[in-house]
Amino acid sequence: IEQKNGAITRKFLGYARIDTEEQIAWAHQLVTGSLRLYVNFFQPSMQLVRKDRVGARYQRIYDRPKTPYQRVLAHPGVTDEVKTTLTALYATLNPLLLKQQIDTLVKKIFTRPTR
């Protein structure tokens with residue numbers, strides 16, 4: 001999911017200028033808090049498996065959509081301790097509440113006057 005962090009942030013914040021200290025603090029809180037949890041635990045994404053050349057075009061083959069959380073649980077190189085910790089965190093999360101927190105922070109960021 002790391003390659004998509006910029007796109008995810010831009011999806012929620014757009015390209016508007018955020019320049020006051022208060023706005024920056026809320027944007028940081030958004031990205032490191034509820035947005036990170038919402039995307040990594042509840043937003044599935046497709047991962048490119050392979051790309052085959054067919055004539056002058058490429059045919060892309062994708063894996064089934066899974067959340068980053070599901071991919072970590074399925075990975076054999078991740079320790080059971082990490083998987084247990086993530087599963088406990090997942091059990092405490094509510095996607096609706098996370099989305100409401102995201103919307104509240106985005107609203108706070110853009111309703112404050114800029115310099």
Side-chain angles (χ1 to χ4, degrees):
I1 195 76
E2 290 178 11
Q3 61 191 328
K4 297 182 181 183
N5 283 342
I8 291 167
T9 304
R10 293 292 177 207
K11 178 182 171 188
F12 285 92
L13 295 179
Y15 288 90
R17 185 177 176 107
I18 298 173
D19 55 4
T20 65
E21 292 296 325
E22 192 175 35
Q23 288 175 319
I24 292 169
W26 280 330
H28 180 71
Q29 182 182 348
L30 172 70
V31 172
T32 60
S34 50
L35 182 60
R36 177 185 64 86
L37 295 172
Y38 182 72
V39 169
N40 287 328
F41 284 95
F42 299 107
Q43 291 294 302
S45 62
M46 295 190 305
Q47 197 169 41
L48 185 65
V49 175
R50 70 177 193 270
K51 190 164 56 169
D52 299 329
R53 188 172 178 115
V54 180
R57 296 180 178 227
Y58 283 97
Q59 179 183 15
R60 292 171 180 85
I61 309 298
Y62 292 94
D63 194 11
R64 284 187 38 239
K66 295 180 187 175
T67 63
Y69 166 68
Q70 291 168 330
R71 292 186 196 281
V72 167
L73 291 183
H75 195 279
V78 178
T79 65
D80 289 337
E81 180 182 325
V82 171
K83 290 179 182 180
T84 304
T85 303
L86 288 174
T87 304
L89 176 60
Y90 179 73
T92 64
L93 297 176
N94 179 348
L96 181 61
L97 184 61
L98 287 172
K99 184 68 169 101
Q100 289 172 347
Q101 290 171 353
I102 291 167
D103 292 341
T104 302
L105 282 170
V106 169
K107 188 175 180 181
K108 280 183 180 181
I109 290 169
F110 292 115
T111 56
R112 295 289 178 211
T114 58
R115 282 191 230 174

**Q** Check whether any side-chain heavy atom of N40 lies under 4.5 Å from a side-chain heavy atom of V72, and answer yes or no.
**A**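 No; the side chains remain at least 4.5 Å from each other.
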
**Q** Distance-only, no hydrogens or angles: does the Q23 side chain make a donor-acceptor pair with backbone N or O of D19 under 3.5 Å?
**A** yes

**Q** So do the side chains of L30 and L13 get within less than 4.5 Å of each other, counting heavy atoms only?
**A**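 Answer yes - side chains close enough.
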
**Q** With rounding to the nearest 0.5 Å, note down the distance linking CE in M46 to CZ in R60.
**A**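 Answer rounded to 0.5 Å: 11.0 Å.
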
**Q** Parallel, tilted or perpendicular, judged at 30° and 60°: which one describes the rings of F41 and Y69?
**A** tilted

**Q** Nearest heavy-atom pair of R36 and T32: which atoms, and what distance?
**A**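 Heavy-atom minimum between the residues: NE-O, 3.2 Å.
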
**Q** Looking at D103 and K99, does any basic side-chain N land under 4.0 Å from a carboxylate oxygen?
**A** yes

**Q** State the CG-CZ distance between L105 and F110, to the nearest 0.5 angstrom.
**A**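 Spacing of CG (L105) from CZ (F110) equals 11.5 Å.
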
**Q** How long is the gap from OH on Y38 to CD on Q100, to the nearest 0.5 Å?
**A** 11.0 Å

**Q** Looking only at heavy atoms, which two atoms of L93 and L89 are closest? And how far apart?
**A** CG-O, 3.3 Å

**Q** Taking R53 for its side chain and G55 for its backbone only, find out whether a donor-acceptor pair lies under 3.5 Å.
**A**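 Such a contact is found between R53 side chain and G55 backbone.
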
**Q** Shared ILVMFWY cluster between I8 and I24, side chains joined below 4.5 angstrom?
**A** yes

**Q** Give me each pair satisfying salt bridge (Lys or Arg N to Asp or Glu O under 4.0 Å) with a member in residues 38-50, each pair once, sequence neighbours excluded.
**A**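 Pairs touching residues 38-50 that pass the test: R50-D52.
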
**Q** Quick check: closest heavy atoms across V39 and P68, and the distance to 0.1 Å?
**A**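 The pair with the smallest heavy-atom distance is O-CD, 3.8 Å.
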
**Q** What is the minimum heavy-atom distance between V49 and Y62, and which atoms define it?
**A**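 In terms of heavy atoms, the two residues are closest at CG2-C, 3.7 Å.
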
**Q** Nearest heavy-atom pair of L96 and N94: which atoms, and what distance?
**A** N-OD1, 3.1 Å

**Q** About how many Å separate NE2 of H75 and NZ of K83, when rounded to the nearest 0.5 Å?
**A**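 It is 9.0 Å, given to the nearest 0.5 Å.
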
**Q** Please report the interatomic distance CZ(F42) to CG(L37), rounded to the nearest 0.5 Å.
**A** 8.5 Å

**Q** Measure the CG-OG1 distance between L73 and T67 for me, rounded to the nearest 0.5 Å.
**A** 8.0 Å

**Q** Mind checking what makes side chain to side chain contact (heavy atoms under 4.5 Å, CB included) contact with R71, not counting sequence neighbours?
**A**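 Side chain to side chain contact (heavy atoms under 4.5 Å, CB included) list for R71, sorted by chain: Q47, D63, K66.
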
**Q** Taking all atoms of both residues into account, what is the closest heavy-atom pair of V54 and Q59, and its distance?
**A**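 So the minimum-distance heavy-atom pair works out to CG2-OE1, 3.9 Å.
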
